[in-house]
J.: 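For reference, the structure I am asking about is given below.
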Amino acid sequence: MTGERRTRSTEAFFGRRRGKALRPRQSDLLERLLPRWKLDLEAPAPDRLSDIFDNAPSRIVLEIGFGGGEHLLHRAQEDPDAGFIGVEPFVNSMAKFLAAAEDAGVANIRLYDDDATRLLDWLPGACLDGIDLLYPDPWPKKKHWKRRFVNAANLDRFARVMKPGANFRFASDIDTYVNWTLAHLHAHPAFDWTARNAADWREPFEGWPGTRYEAKALREGRTPAYLTFRRR
Ligand SMILES: C[S@@+](CC[C@H](N)C(=O)[O-])C[C@H]1O[C@@H](n2cnc3c(N)ncnc32)[C@H](O)[C@@H]1O
(Lines give C-alpha, C1' and ligand atoms only; values in the text may rest on other atoms or scores of the structure.)
Protein backbone atom coordinates (compact mmCIF):
# COMPACT_ATOMS: atom_id res chain seq x y z
CA MET A 1 0.00 0.00 0.00
CA THR A 2 1.39 3.39 -0.99
CA GLY A 3 0.79 6.95 0.17
CA GLU A 4 0.41 8.61 3.51
CA ARG A 5 0.70 6.49 6.62
CA ARG A 6 -0.07 7.75 10.08
CA THR A 7 0.36 6.28 13.50
CA ARG A 8 -1.53 7.45 16.56
CA SER A 9 -0.16 7.07 20.04
CA THR A 10 -2.69 4.47 21.10
CA GLU A 11 -4.12 3.18 17.83
CA ALA A 12 -2.56 2.48 14.47
CA PHE A 13 -4.34 3.62 11.35
CA PHE A 14 -2.88 2.47 8.08
CA GLY A 15 -3.93 3.45 4.64
CA ARG A 16 -3.88 5.71 1.64
CA ARG A 17 -5.63 9.00 2.30
CA ARG A 18 -5.53 10.54 -1.16
CA GLY A 19 -5.22 9.27 -4.75
CA LYS A 20 -5.44 11.05 -8.07
CA ALA A 21 -6.29 14.75 -8.45
CA LEU A 22 -9.87 15.72 -7.70
CA ARG A 23 -12.24 17.18 -10.28
CA PRO A 24 -13.43 20.75 -9.63
CA ARG A 25 -16.89 19.58 -8.55
CA GLN A 26 -15.36 17.07 -6.14
CA SER A 27 -13.16 19.75 -4.53
CA ASP A 28 -16.19 22.03 -4.28
CA LEU A 29 -18.22 19.32 -2.55
CA LEU A 30 -15.44 18.65 -0.05
CA GLU A 31 -15.44 22.37 0.82
CA ARG A 32 -19.19 22.96 0.68
CA LEU A 33 -21.14 19.78 1.50
CA LEU A 34 -18.74 17.81 3.68
CA PRO A 35 -18.58 20.49 6.43
CA ARG A 36 -22.40 20.48 6.57
CA TRP A 37 -22.62 16.73 7.03
CA LYS A 38 -19.41 16.06 8.92
CA LEU A 39 -19.59 15.23 12.61
CA ASP A 40 -17.59 17.60 14.81
CA LEU A 41 -15.68 15.47 17.28
CA GLU A 42 -14.33 18.59 18.99
CA ALA A 43 -17.84 19.26 20.29
CA PRO A 44 -19.35 16.95 22.89
CA ALA A 45 -21.54 14.19 21.47
CA PRO A 46 -25.28 14.86 21.89
CA ASP A 47 -27.12 12.80 24.51
CA ARG A 48 -29.60 11.82 21.79
CA LEU A 49 -27.70 10.92 18.63
CA SER A 50 -30.83 11.46 16.50
CA ASP A 51 -30.35 15.20 17.16
CA ILE A 52 -27.49 15.29 14.62
CA PHE A 53 -30.01 14.54 11.83
CA ASP A 54 -32.77 16.73 10.40
CA ASN A 55 -35.23 13.84 9.99
CA ALA A 56 -35.34 12.73 13.69
CA PRO A 57 -34.55 9.13 12.66
CA SER A 58 -36.01 6.27 14.63
CA ARG A 59 -32.95 4.11 13.92
CA ILE A 60 -29.30 4.93 13.18
CA VAL A 61 -26.79 2.74 11.36
CA LEU A 62 -23.04 3.26 11.04
CA GLU A 63 -21.08 2.09 7.98
CA ILE A 64 -17.31 1.93 8.44
CA GLY A 65 -15.05 2.28 5.39
CA PHE A 66 -17.79 2.86 2.80
CA GLY A 67 -15.38 3.19 -0.14
CA GLY A 68 -17.34 4.38 -3.21
CA GLY A 69 -20.43 4.58 -0.96
CA GLU A 70 -22.76 2.58 -3.22
CA HIS A 71 -24.07 0.55 -0.29
CA LEU A 72 -24.43 3.55 2.03
CA LEU A 73 -26.37 5.53 -0.57
CA HIS A 74 -28.58 2.54 -1.35
CA ARG A 75 -29.45 2.08 2.34
CA ALA A 76 -30.11 5.80 2.84
CA GLN A 77 -32.49 5.89 -0.12
CA GLU A 78 -34.17 2.61 0.82
CA ASP A 79 -34.88 3.78 4.38
CA PRO A 80 -35.45 7.56 4.48
CA ASP A 81 -36.83 7.42 8.05
CA ALA A 82 -33.50 6.05 9.33
CA GLY A 83 -30.25 7.96 9.82
CA PHE A 84 -26.92 6.77 8.41
CA ILE A 85 -23.41 7.68 9.49
CA GLY A 86 -20.69 6.87 6.97
CA VAL A 87 -16.96 6.84 7.71
CA GLU A 88 -14.35 6.96 4.97
CA PRO A 89 -10.87 8.49 5.32
CA PHE A 90 -9.89 8.13 1.65
CA VAL A 91 -10.44 11.61 0.19
CA ASN A 92 -11.24 10.54 -3.38
CA SER A 93 -13.86 8.07 -2.17
CA MET A 94 -15.45 10.71 0.05
CA ALA A 95 -15.57 13.15 -2.89
CA LYS A 96 -17.13 10.54 -5.15
CA PHE A 97 -19.74 9.71 -2.55
CA LEU A 98 -20.63 13.37 -1.96
CA ALA A 99 -21.34 13.82 -5.67
CA ALA A 100 -23.59 10.75 -5.77
CA ALA A 101 -25.38 11.75 -2.55
CA GLU A 102 -26.01 15.29 -3.78
CA ASP A 103 -27.32 14.00 -7.12
CA ALA A 104 -29.62 11.59 -5.27
CA GLY A 105 -30.92 14.35 -3.01
CA VAL A 106 -30.60 12.34 0.21
CA ALA A 107 -30.69 14.18 3.55
CA ASN A 108 -30.42 11.41 6.14
CA ILE A 109 -26.62 11.00 6.10
CA ARG A 110 -23.86 12.27 8.33
CA LEU A 111 -20.17 11.66 7.65
CA TYR A 112 -16.76 11.35 9.21
CA ASP A 113 -13.54 11.38 7.20
CA ASP A 114 -10.96 9.93 9.56
CA ASP A 115 -10.26 6.77 11.55
CA ALA A 116 -13.56 5.18 12.62
CA THR A 117 -12.14 4.34 16.06
CA ARG A 118 -12.14 8.06 16.88
CA LEU A 119 -15.80 8.33 15.99
CA LEU A 120 -16.65 5.19 17.97
CA ASP A 121 -14.99 6.69 21.06
CA TRP A 122 -16.95 9.93 20.62
CA LEU A 123 -20.41 8.38 20.20
CA PRO A 124 -22.71 8.13 23.23
CA GLY A 125 -23.34 4.63 24.62
CA ALA A 126 -26.06 2.36 23.17
CA CYS A 127 -26.93 4.78 20.35
CA LEU A 128 -26.65 2.59 17.23
CA ASP A 129 -29.10 0.13 15.71
CA GLY A 130 -26.47 -1.38 13.46
CA ILE A 131 -22.85 -1.34 12.33
CA ASP A 132 -21.83 -2.42 8.82
CA LEU A 133 -18.19 -3.32 8.12
CA LEU A 134 -18.16 -4.41 4.48
CA TYR A 135 -14.98 -5.70 2.91
CA PRO A 136 -12.61 -4.04 5.38
CA ASP A 137 -8.97 -3.81 4.28
CA PRO A 138 -8.03 -7.51 4.32
CA TRP A 139 -4.40 -7.43 5.47
CA PRO A 140 -3.89 -10.98 4.13
CA LYS A 141 -0.30 -11.45 5.33
CA LYS A 142 -0.14 -12.99 8.78
CA LYS A 143 2.36 -10.43 10.05
CA HIS A 144 -0.26 -7.72 9.28
CA TRP A 145 -3.30 -9.41 10.81
CA LYS A 146 -2.99 -7.21 13.89
CA ARG A 147 -3.89 -4.23 11.68
CA ARG A 148 -7.32 -5.67 10.89
CA PHE A 149 -10.24 -3.52 11.98
CA VAL A 150 -11.84 -6.47 13.77
CA ASN A 151 -9.94 -6.83 17.02
CA ALA A 152 -10.80 -7.10 20.71
CA ALA A 153 -10.49 -3.35 21.35
CA ASN A 154 -12.78 -2.43 18.45
CA LEU A 155 -15.33 -5.06 19.47
CA ASP A 156 -15.40 -3.45 22.93
CA ARG A 157 -16.06 -0.15 21.14
CA PHE A 158 -18.88 -1.74 19.11
CA ALA A 159 -20.39 -3.28 22.24
CA ARG A 160 -20.44 0.10 23.98
CA VAL A 161 -22.20 2.03 21.19
CA MET A 162 -24.65 -0.66 19.99
CA LYS A 163 -28.12 -0.98 21.45
CA PRO A 164 -29.07 -4.42 22.78
CA GLY A 165 -30.41 -6.40 19.79
CA ALA A 166 -28.50 -4.28 17.24
CA ASN A 167 -26.72 -6.12 14.43
CA PHE A 168 -23.06 -5.99 13.41
CA ARG A 169 -22.79 -7.04 9.76
CA PHE A 170 -19.47 -8.09 8.30
CA ALA A 171 -18.65 -9.12 4.73
CA SER A 172 -15.34 -10.33 3.37
CA ASP A 173 -13.94 -12.44 0.55
CA ILE A 174 -10.79 -13.33 2.48
CA ASP A 175 -11.16 -16.71 4.23
CA THR A 176 -8.57 -15.98 6.89
CA TYR A 177 -10.36 -12.72 7.77
CA VAL A 178 -13.74 -14.49 7.96
CA ASN A 179 -12.31 -17.11 10.32
CA TRP A 180 -10.52 -14.38 12.26
CA THR A 181 -13.77 -12.48 12.70
CA LEU A 182 -15.74 -15.55 13.75
CA ALA A 183 -13.07 -16.36 16.34
CA HIS A 184 -12.94 -12.80 17.72
CA LEU A 185 -16.73 -12.49 17.94
CA HIS A 186 -17.04 -15.93 19.49
CA ALA A 187 -14.55 -14.88 22.16
CA HIS A 188 -16.42 -11.65 22.93
CA PRO A 189 -19.14 -11.89 25.59
CA ALA A 190 -21.41 -9.22 24.03
CA PHE A 191 -22.18 -10.86 20.67
CA ASP A 192 -24.00 -13.88 19.24
CA TRP A 193 -23.61 -15.09 15.65
CA THR A 194 -27.11 -15.25 14.16
CA ALA A 195 -26.47 -17.97 11.53
CA ARG A 196 -29.15 -20.67 11.64
CA ASN A 197 -27.70 -23.08 9.09
CA ALA A 198 -24.52 -23.74 7.15
CA ALA A 199 -25.76 -21.88 4.05
CA ASP A 200 -26.57 -18.68 5.96
CA TRP A 201 -23.15 -17.14 5.76
CA ARG A 202 -23.08 -17.46 1.94
CA GLU A 203 -26.38 -15.56 1.63
CA PRO A 204 -26.03 -11.78 1.09
CA PHE A 205 -27.77 -9.50 3.57
CA GLU A 206 -31.40 -8.55 2.88
CA GLY A 207 -31.72 -5.92 0.16
CA TRP A 208 -28.01 -6.26 -0.61
CA PRO A 209 -26.91 -4.04 -3.52
CA GLY A 210 -23.32 -5.31 -3.59
CA THR A 211 -20.27 -3.10 -3.26
CA ARG A 212 -17.55 -2.11 -5.64
CA TYR A 213 -14.95 -4.14 -3.76
CA GLU A 214 -17.23 -7.18 -3.79
CA ALA A 215 -17.67 -6.94 -7.57
CA LYS A 216 -13.88 -7.05 -7.92
CA ALA A 217 -13.65 -10.08 -5.60
CA LEU A 218 -16.31 -11.91 -7.61
CA ARG A 219 -14.59 -11.07 -10.91
CA GLU A 220 -11.40 -12.51 -9.48
CA GLY A 221 -13.15 -15.72 -8.41
CA ARG A 222 -13.27 -15.24 -4.63
CA THR A 223 -16.35 -16.25 -2.63
CA PRO A 224 -17.81 -13.73 -0.18
CA ALA A 225 -19.06 -14.53 3.30
CA TYR A 226 -21.73 -12.49 5.09
CA LEU A 227 -21.80 -12.64 8.88
CA THR A 228 -24.37 -11.06 11.19
CA PHE A 229 -23.77 -10.81 14.94
CA ARG A 230 -26.37 -9.60 17.44
CA ARG A 231 -25.45 -7.40 20.39
CA ARG A 232 -26.75 -9.17 23.52
C1 LIG B 1 -11.33 -2.69 0.83
S2 LIG B 1 -12.09 -1.14 0.98
C3 LIG B 1 -13.82 -1.55 0.88
C4 LIG B 1 -14.69 -0.38 0.55
C5 LIG B 1 -16.20 -0.68 0.47
N6 LIG B 1 -16.71 -1.06 1.78
C7 LIG B 1 -16.51 -1.73 -0.55
O8 LIG B 1 -16.89 -2.85 -0.16
O9 LIG B 1 -16.37 -1.45 -1.75
C10 LIG B 1 -11.88 -0.74 2.70
C11 LIG B 1 -12.18 0.73 3.03
O12 LIG B 1 -12.02 0.94 4.44
C13 LIG B 1 -11.45 2.22 4.64
N14 LIG B 1 -10.78 2.21 5.97
C15 LIG B 1 -9.61 1.60 6.28
N16 LIG B 1 -9.31 1.78 7.58
C17 LIG B 1 -10.32 2.53 8.10
C18 LIG B 1 -10.57 3.06 9.39
N19 LIG B 1 -9.73 2.85 10.43
N20 LIG B 1 -11.70 3.78 9.58
C21 LIG B 1 -12.56 3.98 8.55
N22 LIG B 1 -12.38 3.49 7.31
C23 LIG B 1 -11.26 2.78 7.08
C24 LIG B 1 -10.49 2.38 3.47
O25 LIG B 1 -10.21 3.75 3.19
C26 LIG B 1 -11.26 1.70 2.34
O27 LIG B 1 -12.05 2.63 1.61
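Bear in mind that the values here come from a model prediction, so they are computed numbers and not experimental data. First listed ligand is number 1; within each ligand, the first listed atom is number 1.
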J.: Heavy-atom distances under 4.0 Å are what count here, so tell me which part of F66 touches ligand 1: side chain, backbone, both or neither.
T.: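 Just the backbone.
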J.: Is there a donor-acceptor contact under 3.5 Å from the side chain of R160 to the main chain of L120?
T.: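 Yes: the side chain of R160 pairs with the backbone of L120.
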J.: Quick check: does any side chain N or O of D40 sit under 3.5 Å from a backbone N or O of E42, one acting as donor and the other as acceptor?
T.: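 The answer is yes, because a donor-acceptor pair under 3.5 Å joins these two groups.
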J.: Please identify which atoms of ligand 1 are closer than 4.0 Å to at least one heavy atom of D115.
T.: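 Every atom of ligand 1 under 4.0 Å from some heavy atom of D115: 18 (C), 19 (N), 20 (N).
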J.: N/O of P136 under 3.5 Å from N/O of ligand 1, yes or no?
T.: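 No, since none of the N or O atoms of P136 sits under 3.5 Å from an N or O of ligand 1.
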J.: Judging by distance only, is a nitrogen or oxygen of E88 under 3.5 angstrom from one on ligand 1?
T.: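 Indeed, backbone or side chain, E88 has an N or O that close.
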J.: Run the side chain to side chain contact (heavy atoms under 4.5 Å, CB included) check on V161 and L62 step by step: do they pass?
T.: CA-CA 10 Å; V161 298; L62 169 68; 5.7 Å; no
J.: Hey, is ligand 1 close enough to T211 that some N/O pair sits below 3.5 Å?
T.: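 Such a contact does occur with ligand 1.
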J.: Any non-hydrogen atom of S93 lying under 4.0 Å from ligand 1?
T.: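 Not so, S93 does not reach ligand 1.
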J.: Examine A116 against ligand 1 and note whether any of their N/O atoms are separated by less than 3.5 Å.
T.: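 Yes; at least one N/O pair falls below 3.5 Å.
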J.: Return yes or no for this condition: an N or O of Y213 is under 3.5 Å from an N or O of ligand 1.
T.: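 The answer is yes, given that Y213 and ligand 1 share an N or O pair closer than 3.5 Å.
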J.: For atom 5 (C) of ligand 1, tell me which residue out of G65, P89, G68 has the closest non-hydrogen atom.
T.: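 Considering heavy atoms of G65, P89, G68, the nearest to atom 5 (C) of ligand 1 sits in G65.
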J.: Let me check something: do L134 and F149 share a hydrophobic cluster, defined by ILVMFWY side-chain heavy atoms less than 4.5 Å apart, either directly or through other members?
T.: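 Cluster IDs for L134 and F149 differ.
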J.: Are the side chain of R231 and the backbone of F168 linked by a donor-acceptor contact shorter than 3.5 Å?
T.: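 Between the backbone of F168 and the side chain of R231 there is no qualifying donor-acceptor contact (under 3.5 Å).
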J.: Would E214 and Y135 count as having a side-chain donor-acceptor pair, cut-off 3.5 Å?
T.: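 Yes, because at least one side-chain N or O of E214 sits under 3.5 Å from a partner of the opposite role on Y135.
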J.: Out of the candidates T181, N167, L155, only one should pair with F229 under the side chain to side chain contact (heavy atoms under 4.5 Å, CB included) rule; please name it.
T.: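 Of the listed residues T181, N167, L155, the side chain to side chain contact (heavy atoms under 4.5 Å, CB included) partner of F229 is T181.
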